[in-house]
Amino acid sequence: QKEVEQNSGPLSVPEGAIASLNCTYSDRGSQSFFWYRQYSGKSPELIMSIYSNGDKEDGRFTAQLNKASQYVSLLIRDSQPSDSATYLCAVNKRYGGSQGNLIFGKGTKLSVKP
Amino acid sequence: EAQVTQNPRYLITVTGKKLTVTCSQNMNHEYMSWYRQDPGLGLRQIYYSMNVEVTDKGDVPEGYKVSRKEKRNFPLILESPSPNQTSLYFCASSLSSGHLYEQYFGPGTRLTVT
């Protein structure tokens, strides 16, 4: 099983819709979960971090974590064309790794159509 | 301005010629890390450092060396580059305490080894 899995997409949503991005992870000991956004040709930038079960909201973004199901998601409300990017899920690695070891999924490409 | 800088941004070299990619941050961050990004493989961690003189392997350390003699600098060294090290490299940094993994990324270094 891959350590961090995401659908590669592309995920296409119309402007104003809710975009839902999903991520599953294999290490049950993981405690820290992140969503990074990467525009084409640019470096990743952190948009959300979540550490405990439940929802965390920041503006139009909501991260959801379910450790029992080993699942983390990102919802983008009122999607804008400027949200078109690749979204990377990242999880800290506990088993077989050490503090500081971070694993990224391959990313989901989101396209928001005007 | 808070930033992570990398040099060079682009580099074409030949097999076996030692090279160093520099990384510097001006945010007094303890944690620094190197990643490589390849199509279809995503972002993979090479090495990381929790603080000065403390470094550890990520998931793909083979063929790379690092050092952390000063807090602000974390150079990546390729002693004998090979074509399979052709990739896009990112350096990142974050605070170690409470915000580990909430990383700021540098602009990237595109390396081609012929």
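Every chain is numbered from 1, with letters handed out A, B, ... down the list of sequences.
- Around atom CZ of B:R110, no more than 12 heavy atoms belonging to other residues, nucleotides or ligands sit under 6.0 Å away.
- When the side chains of ILVMFWY residues are joined at heavy-atom separations under 4.5 Å, either directly or via intervening members, A:F104 and A:Y51 end up in a single hydrophobic cluster.
- Of all non-hydrogen atoms in A:L102 and B:Q103, the two that sit nearest each other are CD2-NE2, 2.9 Å.
- The contact list for residues 6-19 of chain A toward chain B, using heavy atoms and a distance under 4.5 Å, is empty.
- Closest approach of B:E102 and A:L46 over heavy atoms only: CB-CD2, 3.5 Å.
- The cluster map of Ile, Leu, Val, Met, Phe, Trp and Tyr, joined by side-chain heavy atoms under 4.5 Å apart, puts A:F33 and A:F61 in the same cluster.
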Derivation and outcome, side-chain contact (heavy atoms from CB on, under 4.5 Å), residues B:L43 and A:Q38: CA-CA 11 Å; B:L43 203 60; A:Q38 186 175 25; 5.8 Å; no

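- When heavy atoms are compared at a cutoff of 4.5 Å, B:Y35 approaches chain A solely by way of its side chain, counted from C-beta outward.
- Rounded to the nearest 0.5 angstrom, A:K106 NZ and B:Q37 CD are separated by 12.5 Å.
- Crowding of B:F105 atom CZ: a count of heavy atoms from other residues, nucleotides or ligands under 6.0 Å exceeding 12.
- Remark: B:K65 NZ is loosely packed, at most 12 non-hydrogen atoms of other residues, nucleotides or ligands lying under 6.0 Å away.
- More than 12 heavy atoms of other shown residues, nucleotides or ligands fall within 6.0 angstrom of atom NZ in A:K56.
- Using a 4.5 Å cut-off between side-chain heavy atoms of Ile, Leu, Val, Met, Phe, Trp and Tyr, with links allowed through other members, A:F34 and A:L88 fall into the same hydrophobic cluster.
- Put simply, the side chain of A:S43 gets close to the backbone of B:G106: a donor and an acceptor are under 3.5 Å apart.
- Hydrophobic clustering keeps B:V21 apart from B:V4 (ILVMFWY residues linked when any side-chain heavy atoms are closer than 4.5 Å, directly or through intermediates).
- A 6.0 Å sphere centred on CD1 of B:I12 holds no more than 12 heavy atoms belonging to other residues, nucleotides or ligands.
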